[in-house]
Every structure is written in structure tokens, then in C-alpha cells.
Amino acid sequence: MAKMIWERGYTQNRELSWLQFNARVLAEAEDEQVPLLERLKFLAIFTSNLDEFFMIRVGSLTDIASVDRKRTDNKSGMTAAEQLRAIYAAVEPLYERRDAAFADVDRRLAAEGLERLRVEELEMEEQRYIKEYFRDVVAPVLSPQIVDAHHPFPHLEGKVLHIAALLGRKKREVLGLLPVPASLPPLVFLPGAEGRYVAIEDILLKYTDRVFQMYDVLEKTVFCVTRNADINPYDENFAEVEDFRKTMEKLLRQRRRMAVVRVELSSPVSSHFAEYFRSRFEVTDAQIFLSRRAPLKLGYAWSLGEHLPERQRAVLSDPPFAPQQPAMLAEGQSLLKTALRRDVLLSYPYESMTPFLQMIREAAHDPAVLSIRITIYRLARKAKLVEYLCAAAENGKDVTVLIELRARFDEQNNIDWSERLEEAGCKIIYGFEYYKVHSKICLITRRERGTVRYLTQVGTGNYNEKTAAQYTDVSLVTSDETIGADAVAFFNNMALGVLDGHYERLLVAPHGLKRSLLRLIDEQTALGSDGYILLKFNSLTDIDLIERLCRASCAGVRIDMIVRGICCLLPGVPGRTEHITVTSIVGRFLEHSRIFVFGRGAQEKMYIASADLMTRNTEHRVEVACPIDSGEVRERLHGILDAMLRDTVKARVLQPDGSYAKKLPVPEPTCAQVELMQEAIQAARAQAARPAQREPAWRQIFHRLFDRRE
């Protein structure tokens, strides 16, 4: 069986495909056409992505390799151990590329006045300042430790920087550990020179000899470990716990103590010193990675530009862009009232999320509104949405919030918000035992003149006010009665624990979405060369969908896919996927929207969805896809898709061997994200030029009073 899968010929391993995607992120950091501060941010994104990849994917494979050695990947035929070896081999050159990219960016930033220095490179007066800073600020909060028979090796949290020192004294050798305190700033800026700075770990590395002054420091390096973070809330009979919030809090504590899957060092060490890392963390040489130039943590990239004059910072950054007034909603118009008359599409981050938030605020105080129901996966640290939902509950509305406590790395944030919502009187649901609820759907129920009306919002992205300005997503608000009735059934099923409910228009995973997508692909397959499929999403791993797309290609169906990240299907393979193209775009904004199109013209069927085409989404999560009926909304979505396909600047085309290639140069290059930003600005200006369609005076007064109260 494994051999047959391996010889499939048009699929590739998920993890290696993901590494190719992250290499695309790194390529943005290497691109000299990208402003310097943005290049530094791409280095930080690449690093953060790789951290999460090791915590989750490598962590999961490590577990599988230890308990099920014969289990193979159904896209490549590789066992978990084989995948791990391939991952380690593929990651090592990425470290070298990151070092080279960082060295280039760092050198160029130094020429612009942002100079990262080692202590040895400072002038005498500056060295005295750092020495005093170490004595007065750093030393009082240090917690050094040696490791010997009387001092056991401590638990080290993942991604926390430490100094490791090989210490000698009277023919005795011990290991010294010095954690970098979280209370210290990552960078120390020198007085009298705003842009000259020293990293805090470099200061500690310089003064390691002073910290361990009773010993000779034989070798030293900065290091950090990455721990397996692939926690399962149903391990160890956690499902028997009544309060799911307490379950998740226990799991978060467990995550901090899981096995090490990677060790990162800032400088080469001897084989003798490396043995300390191998033995203490039970890792192999392949799991130890060297970062010679780039810091092990790059979180400071987001704020470094603040130390430059505003004009200079602007030159080194992307041109500023603020989300615009939505093209389908005049300034001053109520989204709630408008959507009761016609469908409205919001396109983030080109358009503002504010109208949606104002709709929830308006519903919270609208006497005609009976209830608000919503699913929440990720929220910002500060969320107006929560305040408006709480206000609705306090005003006597029936507010139900299905909040997913297992949104990876947002668990604690969601726990905190669930408590706040519950305190305000909202009904809280935590979802299903073995299925995450990843859908993005909101239902407002109103009673008008004795008739109940539904306003349904379905989106591709989270209700996160921060990421709505960074991720590309679309959000439909409709008063369609059938969709509204499906939304009612959906929330009732969620409350009753029913996963296989019946829906007229909505496609709902884990039971209805995949089945419907396979049917829609088959419909186009039956049309042969007259068929057409256009899909935009983030990742493709579902083998059933891959095989069905391959079958459609063999029938002559043209298939265009815009896939940001993982794509286990290899396009352009003769006789198998030769009618399939795959485009990937990595740019200023994170491509996140999911749009599915089947057919052309009057026969076209279009959907937006919360789901990627991954097995986890199609079979193991609750997801919602919504049909698009409005001609105006369809036209706007086609505008987004067409811009992606025309892109010749950021777009890369997936090749049959799994690599990505730039498109051929054209006389007038097109960047989709730039084009969509310009269109949003032009649409907002056109809206502003029209006669104002303001809310009635009484409603404006009401909102001013409410805002003042907030």
C-alpha cells in the first residue's frame, strides 16, 4: 500500500510542502525591493512560523514515530521517522538563508541609523554605560545555576533564551545556566545615539564570566529549546472533567513541560559541549540548529522602527494604508438596515471591520432584536465585539456564544473572554468533544411588525479586530430567509450536540461540506473540457479531494487554484494534473480568504467558507460554507480572484517537482494586493463624493450617548 501511494506521482508530503511555503516567506526577507523594516518583519514571521511548525507538526510526528513506526503518510508513503529526517535536512539550509538575509538587512539598517552592536564594538563611554546597566538593572534579577550532583538540571520553558556555559574549576567541570529574565527589555539603546543598541542576550553573554566568577568559562553560547506543544484535550481522561475551562488550563500547564524537539544555538560549540545538549534534552545532532547571525528571537522587529525619525521610518516601511469605508456601504449607513434590503460584502483588510462591529452594537440596543448568536475562534486581546455582546445580554437580548477554547495558542485568551461573557449573562457553549468549531457565523434575529427576520453573517476569517487589518478575508451579511433558517438550525444543532444536521443552502462540516464539494467537482468533471473550477484557500491535504481534482483534470476540466500554503497536489503532471495550475501569493497581507467557484456564467456556483481543504477541516472540525447569490457580490469576489491570477510581482507558480517559480516578466507588472488597496481607496473616495446618506438625527444622538458611556 505504501509503495502504491508513493508512486501516485502527483502528490507530495505535507510537511515538506509547508517548508516550501515558509521559504516563500523568507524570500520576501531576501527581496531587495521590499522596504528594509518590512524585510526584518518577514524574518520575524519566518522565525515565528518555524517555531510553531516545530512545536506542533514536528512534535506530533515525534509522538507518532515513538508509538507507530509503520504508519505512513498517504501523500508520500513516508513513515514519521522518515518525515522527520527529511524535515531536519530541509530546515538546515533555511537557517543559512535566514542568517544571510539577516546579515544583509542588519548591515543596511546600520547605514540608516539602526545599528546592532556587540559590547566589544562599543566606544569606551558606551561600554561603561553597559557595565553600569548590567550592574544596576540586569544583575539584580538574574538567577544563575550550576548543574551537578547537588543542583539538578532545571526545567527550561520553550523559546526562553538562556546562556549555557561550560565551567571549569580545580579539574572539575560543570554546566552553568543563566536564563534571560523576561522582565528585561530585548534591546538596550545607548544614550546619546537613539539608533545604536545592544541585544540583552549579548550583554549577558559578555558578562557570563562575572556571573560565574568562581569558575573559568571554557565555552559559552546563547540557546533556547523548542518543546512539543501538540496537546490533546482528551488525553488522560480529561474528557471526564466537568468544567472544560479548567481542563484547558491544566493542559496549558502541561504544554510547558513537554519533550524537547529542537535546540537552537547562537554560536558553534565543541562536540564535548554539544554532548551536554544531546544528553540533557535527549536530542540528536540533527535536532540542534545553529543560528550564527540572526538572533534566536526576533520579536523586536515590530517596534524597532520606532527609534527612527518618522520621515525616515516611512521610507523604510510599506506605504501606510488604513482599511477603507466598504464599497457596498455608504458612510453613515447602518449595515444592519442595509443588509435587510440587499446582500453586503466586506473585504478585509482593504475595507474596515468597523461596520460589522457597529452592526453588533446597534443590535445590542435595537428593541426589535430578540437574539444574537455567534461562533468565536480567535479574538483580539482587546475586543469591542465582546463588549457589544455583553451589552446585548445586559439589555435583555438572548445572546449565545459558541467559543472554541482549543484555538491553538489562544486558549488562555479565549478562557478569559468566555468568563467575561458569562458574567454579563451570555450563554456559553464550548463545542464538541472531538471536533473544534472553526466556523465564522453570526445570526441576529429581529421581530418586525409581528414577523421574525434573520440577518446572517458568514465569513472566512475570525472576529479579530487586530488581524482584520492584516489578513485578507471576506464577510457576507445577508437577510436571505433560507440561509437564515439554516443558521437557526446550525445554532440549535450546536446547542444540542448534533453534528449531522440537515441544511438547505449552507455547507456544514464535518458531514455536509466535503460531500458537497466532491459532488460539485464531479459536476464539472462531467462537463469535460467545458468544466471549470477556481479555488482560493490556504492549504490542501485532503486526499479524497486531491484524487477527485486529479480525475477532473484528466477529464479536461481547467482548474485554477490560489493556495497560500500547503499544497499536497502537484500540478502540471502529464496525464494526471496537467490542467491544474497552483498560484501562491505571499505579500504585505496574509492571504486568508476561502472562495470556491464551480462552473462559468449562468451555471456558476460560488461559495465563501471558513474551511481549508485539509482533512482536519473537512472531517474533524465544524465549518460553514455559504453560497453567494448576489450578482454584485459575485462580481466583487471575482475581482479579488482575477487580481490574484493576474499578479506578476508576488505570485509564484507551483511546479510539478514541488518548487515555486516566478512568473515571466511583463511590461506592466501587477501586484494584486497593491491593486486591491488602490481600488478600496478609490471606492471610498467615490462614496465620500456622493450625497451623504446619514442616519436619522435621533440615531446619531443615540450613538453619541452610547459612545460617551463606553
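In this structure, the separation between CD1 on Ile483 and CD on Gln457 is 12.0 Å, given to the nearest 0.5 Å.
Contacts classified as ring-ring contact (aromatic ring centres under 6.0 Å, His included) and involving residues 478-537 (residues at least two apart or in different chains) are not found. Here side-chain hydrogen bond (donor to acceptor under 3.5 Å, both in side chains) pairs that include residues 16-25, with residues two or more places apart or in two chains, are Asn22-Asn49.
Partners of Arg519 by salt bridge (Lys or Arg N to Asp or Glu O under 4.0 Å), not counting sequence neighbours, listed by chain and number: Glu523. Among residues two or more places apart in sequence or in another chain, the salt bridge (Lys or Arg N to Asp or Glu O under 4.0 Å) test is passed with Lys440 by none. Annotation: ring-ring contact (aromatic ring centres under 6.0 Å, His included) contacts of Phe596 (sequence neighbours excluded): none. Among residues two or more places apart in sequence or in another chain, the side-chain hydrogen bond (donor to acceptor under 3.5 Å, both in side chains) test is passed with Ser659 by Asp657. With sequence neighbours excluded, the residues forming a side-chain hydrogen bond (donor to acceptor under 3.5 Å, both in side chains) with Arg97 are Glu30, listed by chain and number. For Asp530, the side chain to side chain contact (heavy atoms under 4.5 Å, CB included) partners at least two apart in sequence or on another chain are Leu527. The ring-ring contact (aromatic ring centres under 6.0 Å, His included) check on Tyr660 picks up nothing, with sequence neighbours excluded. Residues that satisfy the side-chain hydrogen bond (donor to acceptor under 3.5 Å, both in side chains) test with Asp544, not counting sequence neighbours, are Lys514. Applying the ring-ring contact (aromatic ring centres under 6.0 Å, His included) criterion to Tyr348, with sequence neighbours excluded, gives no partner residue. Scored by the salt bridge (Lys or Arg N to Asp or Glu O under 4.0 Å) test, Glu591 finds Lys536 as partners (sequence neighbours excluded).
A donor-acceptor pair under 3.5 Å is formed between the side chain of Gln673 and the backbone N or O of Phe589. The closest donor-acceptor contact from the side chain of Ser347 to the backbone of Val474 lies at 3.5 Å or more, if one exists at all.
Ser610 and Glu623 are linked by a side-chain donor-acceptor pair at a separation below 3.5 angstrom, with hydrogens and angles left out of the test. There is no side-chain donor-acceptor pair under 3.5 Å between Ser593 and Asp473.
For Glu15 and Arg57, the salt-bridge test passes: some basic side-chain N is under 4.0 Å from an acidic carboxylate O. Here Asp612 pairs with Arg594 in a salt bridge; the nearest charged N to carboxylate O distance falls below 4.0 Å.
Judged by a 6.0 Å distance limit and a 45° cone about the ring axis, Arg378 is not positioned over the six-membered ring of Tyr463.
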